Novice: 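Starting off with a structure, shown below.
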Amino acid sequence: MDDNRSIPVELADRSYEIVIADRSRDDFAAFVRRSLDRSWGGRGCKRCLIVTDRNVARLAGPFENSLRQAGIEPERIEVEPGESTKSLAAASTVLDLLVDLKADRHFAIVALGGGVIGDLAGFVAAIYARGVPLIMIPTSLLAQVDSSVGGKTGVNHPRVKNIIGAFHQPSGVWIDVETLQTLPDRELASGAAEVVKYGVIQDLNLFEFMESSARRFLNRDRSVLERIVARSCAIKAEIVSGDEREQGGAREILNFGHTIGHAIEAVAGYDGRILHGEAVSLGMIAEARLAESLGLVDSHVGDRLERLLNDLGLPIVLHNLDFDRIIEAMRRDKKNRNGRIRFILPRSIGAVEGFDLDDIDAIRRAVDRLRPRT
Ligand SMILES: NC(=O)c1ccc[n+]([C@@H]2O[C@H](COP(=O)([O-])OP(=O)(O)OC[C@H]3O[C@@H](n4cnc5c(N)ncnc54)[C@H](O)[C@@H]3O)[C@@H](O)[C@H]2O)c1
Ligand SMILES: [Zn+2]
């Protein structure tokens with residue numbers, strides 16, 4: 001398994017570097033300068049705004065010191081933690097501050113936090129002055145393995161999640177897995193669902209590594225965390241490099257577990273009752289069962305997936321949700337074509353393929369298998 005600590009994201013003149021940092025060896029100040037110096041806006045950067053939330057703000061001190069060393073004067077804004085902060089209102093508050101600070105196109109945004117902060121701060125960086133440099137310091141596992149790679153930024157509309165947004169690639173992403181020590185257990189497990197997803201779609205070795213290291217992962221063993229974060233970033237970086245704006249179809253395989261997962265999330269509401277990774281865990285199991293019923297894989301794939309997700313502390317059964325509404329939500333999915341529901345299904349662990357399905361009964365039976373066995 002490749003566990004390189006510096007992962008290049010190749011996107012022509014928007015290329016950048018993801019560093020899996022070792023504090024004793026790597027220097028954040030040098031990284032920031034090197035990252036910013038790649039662009040016109042970044043080269044003249046002397047000031048920045050750190051956007052963070054109240055759960056993560058205590059990590060900001062050492063970064064502020066390093067930024068000063070790099071010749072960049074940091075300001076800071078702390079927003080409320082949680083999905084409701086991914087709003088136009090919150091973006092507007094950050095934009096107000098940038099105007100107050102007389103920020104110009106050489107002013108950088110530093111996103112310090114989970115996926116909510118990355119998406120919000122990234123969106124502000126995309127639209128302020130038609131785009132200012134962005135440095136990401138993801139602090140949740142989900143943000144480290146998923147949302148900080150790929151350049152999607154945005155906020156929610158009160159009725160539609162992630163509908164307001166822009167593509168804006170960061171100048172650099174700095175990942176320190178030590179930040180995960182304070183992440184709540186449920187949030188850690190939620191991020192692990194995306195790691196398992198990368199294993200199923202592309203990397204049997206990563207899947208097997210998760211199987212053999214589940215306990216060390218839950219104990220937040222640094223070397224295990226570094227290895228899975230590095231490998232996950234490399235997989236996502238390679239996929240998005242081939243389809244930067246989600247137009248070529250290559251990114252589509254990232255949706256394994258998400259057709260049913262998104263429907264579960266939409267029906268549950270985004271109030272934290274079911275976290276994204278928890279919904280993806282359930283979605284991956286149901287979609288593996290669907291693949292089994294269509295004869296695409298043999299049944300040990302679903303069983304093996306279920307065992308691993310369970311070992312990682314993720315849900316494998318679904319209580320108290322309206323199963324009819326889950327099917328209905330899938331029928332409204334914007335990725336559907338001609339009334340058929342689009343799925344990414346496993347052919348083995350490490351390989352997936354896209355299918356347009358209209359066999360609602362088969363889909364319903366697969367979702368039904370998430371009901372607790374009595
Ligand atoms: N842009 C993308 O490509 C992309 C991809 C996947 C998900 N997302 C988005 O990411 C968001 C979810 O991200 P998330 O799961 O990181 O949520 P989040 O940012 O809400 O973080 C989860 C919780 O953990 C806390 N937290 C974060 N880091 C911490 C740390 N080191 N110590 C203690 N607490 C910490 C946060 O304050 C929050 O309460 C969603 O809005 C989703 O739409 C975006
Ligand atoms: Zn996801």
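Along the sequence shown, residues carry numbers from 1. One-based numbering, in listed order, for ligands and for the atoms of each. Fair warning: this is a prediction, and the values are worked out from it, not measured in the lab.
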Novice: Got a sec, which residues hit side-chain contact (heavy atoms from CB on, under 4.5 Å) with L88, two or more places apart in sequence or on another chain?
Specialist: F123, V155, I164

Novice: Counting from 1, what ligand 1 atoms have a heavy atom of T179 closer than 4.0 Å?
Specialist: 30 (C), 31 (N)

Novice: Between K86 (side chain) and V116 (backbone), is there a donor-acceptor pair under 3.5 Å?
Specialist: no

Novice: Do R371 and F323 meet the cation-pi criteria used here (NZ or CZ under 6.0 Å from the six-membered ring centre, within 45° of the axis)?
Specialist: yes

Novice: Checking contacts here: is it the side chain or the backbone of L180 that comes within 4.0 Å of ligand 1, counting heavy atoms only? Could be both or neither.
Specialist: neither

Novice: Answer side chain, backbone, both or neither: which part of E83 comes under 4.0 Å from ligand 1, heavy atoms only.
Specialist: side chain

Novice: Determine whether the side chain, the backbone, both or neither of D53 has a heavy atom under 4.0 Å from any heavy atom of ligand 1.
Specialist: side chain

Novice: Polar contacts were defined as any N/O atom of the residue lying under 3.5 Å from an N/O atom of the ligand; does this apply to D119 and ligand 1?
Specialist: yes

Novice: State, yes or no, whether a side-chain contact exists between V51 and L112 at a heavy-atom distance under 4.5 Å.
Specialist: no

Novice: Using the salt bridge (Lys or Arg N to Asp or Glu O under 4.0 Å) rule, collect all pairs that involve residues 91-103, keeping only residues at least two apart or in two chains.
Specialist: none

Novice: Does R43 have any side chain to side chain donor-acceptor pair (under 3.5 Å) partners at least two apart in sequence or in another chain, and if so, which?
Specialist: none

Novice: If I only include protein atoms of type N, O or S, how many are less than 2.8 Å from the Zn ion (ligand 2)?
Specialist: 3

